[in-house]
Amino acid sequence: MDTYDVAVIGAGPAGVMAAWTAAKQGAHTVLLERETAAGRKPCAEGILSEVLDDAEMPPQNEFATNRITGAFLYAPDEKRRVRVGGEGYILDKPAFLRSLAERAGASGAELVFGARVDSVSRQDGAVLIEGRRDSQPYSLKTRAVIGCDGTGSILARQFFPRRNYPVIAAFQYDMTDCQLEDESKLEIFIGHKKAPAGYIWIFPKGKGTANVGIGLKGSGAKSLLDKFIQDHPNVFNHSKIERSQAAPVPVGGEVEDYVTDNMMLCGDAAGQVIPLTGAGIHTSIVAGKIAGEVAGAAAKEGEVGSKRLSAYRERFEALWGEKISNSLKALESFERFSDDELNIITDFLDGQDLVDMAHGFRPSKAVGLMVRHPILAMKVAHQLIS
Ligand SMILES: Cc1cc2nc3c(=O)[nH]c(=O)nc-3n(C[C@H](O)[C@H](O)[C@H](O)COP(=O)(O)OP(=O)(O)OC[C@H]3O[C@@H](n4cnc5c(N)ncnc54)[C@H](O)[C@@H]3O)c2cc1C
């Protein structure tokens, strides 16, 4: 039976990074992906430029499909929109993941596509992985395992009791022939009537193509998105739907534990998503990068226990822990405001406030709001201290 230092399950953003950094440490590393290629999961593919910095992957035409220079956030009544700054890209995510996977392969990781993991168990201090590859059973042993296998993670189901792991539904169309005002801007529409406790997005990919989707609490994603498209004939009158896809997004913040003995979880599997926006590419890239580096070094030195591997948790928490928990608070607050209140709040905030809001409300803003809308300000203040 093949034996590895580090096995990574899943070739999403977390997995391709973890395989790369583990292999760079000189660890004998395998990456197991059930699909025959990376990037089959639906995604709006929006990232800030910092994501590529953290991935240590300069932008390339092959995957950086469209340059983005900010976003318009529309109030529920759409009478006002706020311009939000920020530079980034809409990716061709399968091509991006392919580049990251190839780099991991060039650093020595063994990439195995079409290899589903069906079971993970402990055996003599090591980990036994069993599954099917091209409908044939396979098994391998590893010193350490990193679960980068998304919301339905097999490693989480077997070894990490994710008690608080709420997910929301996200549904998306790939569209062509959209009449967009400015293809360098994301468009985001909030309002509980349009998308209860969520939002609708139009992420332009250039030349009239766009990822058009909805994330919301509860059911009815498709019919609400169809209604939105119908209500915006200026954008969608001539457009075509090329593909529709749906997937869950974890929005409850990080799971209680994501390192135990010689096992780690990264990315969506660990709830490492910004709850208010549902963005998880950046956090997954960073988590995978750190986890692979820590596991690779530990496995090389034969010390793959929790004590050594918890350095991953410490390093990730220092970078993202507070942002994720503040954003969860902001999401909980956002859910409690009515559409009328959101119209007023949107009117009051500027673009930078909205960026800050994604990482938690700023108390100073509650003071300004107090002058113009005292009752609403008290509600905001209550959310801040509760
Ligand atoms: C519709 C939608 C739009 C989104 N838009 C954005 C966006 O614009 N920007 C952003 O930052 N984030 C976005 N996200 C979130 C982002 O896609 C995820 O947070 C991110 O992809 C998580 O990366 P990951 O590596 O943890 O997991 P995933 O990307 O989910 O990858 C997991 C991988 O594991 C594989 N796998 C699962 N189980 C097994 C198994 N048993 N054996 C082998 N392989 C397995 C899967 O096939 C998959 O390739 C969006 C999510 C959705 C659903």
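Every number for a ligand or one of its atoms is a count from 1 in the order of the listing.
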Checklist outcome for this item: Per-atom filter on ligand 1: closer than 4.0 angstrom to a heavy atom of Glu35 are 47 (O)
Checklist entry - Yes or no on side chain to side chain donor-acceptor pair (under 3.5 Å) for His232 and Glu78, after CA distance, side-chain angles and deciding distance? => result CA-CA 11 Å; His232 293 80; Glu78 295 183 29; 2.9 Å; yes
Next on the checklist: Just to be sure I'm reading this right: ignoring hydrogens, which of Arg116, Gln172, Gln245, Glu33 gets closest to atom 47 (O) of ligand 1? Compare them by their nearest heavy atoms.
Outcome noted: Glu33
Next on the checklist: I want to check something: taking the side chain as every heavy atom from C-beta on, are Tyr173 and Ile229 in contact at a cut-off of under 4.5 Å?
Outcome noted: yes
Item to check | Minimum non-hydrogen distance to atom 26 (O) of ligand 1, winning option of Val16, Ile90, Asp268 | outcome: Asp268
Checklist entry - Does Asp268 pair with Lys41 as a salt bridge, N-O distance under 4.0 Å? => result yes
Checklist outcome for this item: min-distance protein heavy atom vs atom 42 (N) of ligand 1 -> Val117 N, 3.0 Å
Checklist entry - Does Ile47 come within less than 4.0 angstrom of ligand 1, counting non-hydrogen atoms of the residue? => result no
Next on the checklist: Could you work out, for atom 1 (C) of ligand 1, the closest of Ala170, Ser284, Gly147, Gly215 by heavy-atom distance?
Outcome noted: Ala170
Item to check | Identity of the nearest option to atom 2 (C) of ligand 1, non-hydrogen atoms only, from Ala247, Pro42, Ala115, Gly15 | outcome: Pro42
Next on the checklist: Among all the protein's non-hydrogen atoms, which is closest to atom 44 (N) of ligand 1, and how far away is it?
Outcome noted: Arg34 N, 3.1 Å
Item to check | Aromatic ring pairing Phe316/Tyr312, orientation class (parallel under 30°, perpendicular over 60°, tilted between) | outcome: tilted
Next on the checklist: Looking at ligand 1, would Phe171 count as a contact under a 4.0 Å heavy-atom criterion?
Outcome noted: no
Checklist entry - How far is atom 28 (P) of ligand 1 from its nearest protein heavy atom, and which residue and atom is that? => result Lys41 NZ, 4.1 Å
Checklist entry - Tell me, which protein residue and heavy-atom name are nearest atom 31 (O) of ligand 1, and how many Å apart are they? => result Gly12 CA, 3.5 Å
Item to check | Glu183 with Lys207: basic N within carboxylate O range, under 4.0 Å | outcome: no
Checklist entry - At what distance, to the nearest 0.5 angstrom, does NZ of Lys323 lie from CD of Gln272? => result 13.5 Å
Checklist outcome for this item: Note: heavy atom closest to atom 9 (N) of ligand 1, options Gly46, Ala221, Gly267, Ser153, belongs to Gly46
Item to check | Which residue and heavy atom of the protein sit nearest atom 51 (C) of ligand 1, plus the separation | outcome: Val249 CG2, 3.9 Å
Item to check | Interfacing atoms of ligand 1 (cut-off 4.0 Å, heavy-atom, Ala279) | outcome: 10 (C), 11 (O), 12 (N)
Item to check | Identity and separation of the nearest protein heavy atom to atom 14 (N) of ligand 1 | outcome: Gly278 O, 3.7 Å
Item to check | Side chains of Phe228 and Asp231 in contact at under 4.5 Å (non-hydrogen atoms) | outcome: no
Item to check | Sub-4.0 Å heavy-atom approach of Cys148 to ligand 1 | outcome: yes
Item to check | Parallel, tilted or perpendicular, as decided by the 30° and 60° cut-offs, for the rings of Trp320 and His282 | outcome: perpendicular
Checklist entry - When you look at Thr176 and Glu242, which way does the side chain to side chain donor-acceptor pair (under 3.5 Å) test go after all the steps? => result CA-CA 7 Å; Thr176 53; Glu242 301 295 336; 3.0 Å; yes
Checklist entry - CG of Asn61: more than 12 outside heavy atoms within 6.0 angstrom? => result no
Checklist entry - Applying a strict 4.0 Å limit to heavy atoms, is Lys93 in contact with ligand 1? => result yes
Checklist entry - Which residue supplies the protein heavy atom nearest to atom 27 (O) of ligand 1, what is that atom called, and how far is it? => result Gly150 CA, 4.0 Å
Checklist entry - Distance from Asn343 atom CG to Phe337 atom CZ, nearest 0.5 Å? => result 13.0 Å
Next on the checklist: Within the 4.0 Å heavy-atom shell around Leu32, which atoms of ligand 1 are there?
Outcome noted: 43 (C), 44 (N)
Checklist entry - What's the shortest distance from atom 50 (C) of ligand 1 to any protein heavy atom, and which residue and atom give it? => result Cys43 SG, 3.9 Å
Checklist entry - Which ligand 1 atoms does Ala44 reach within 4.0 Å, using its non-hydrogen atoms? => result 3 (C), 4 (C), 5 (N), 6 (C), 8 (O)
Item to check | Cation-aromatic face contact Arg81/Phe72, 6.0 Å, 45 degrees | outcome: yes
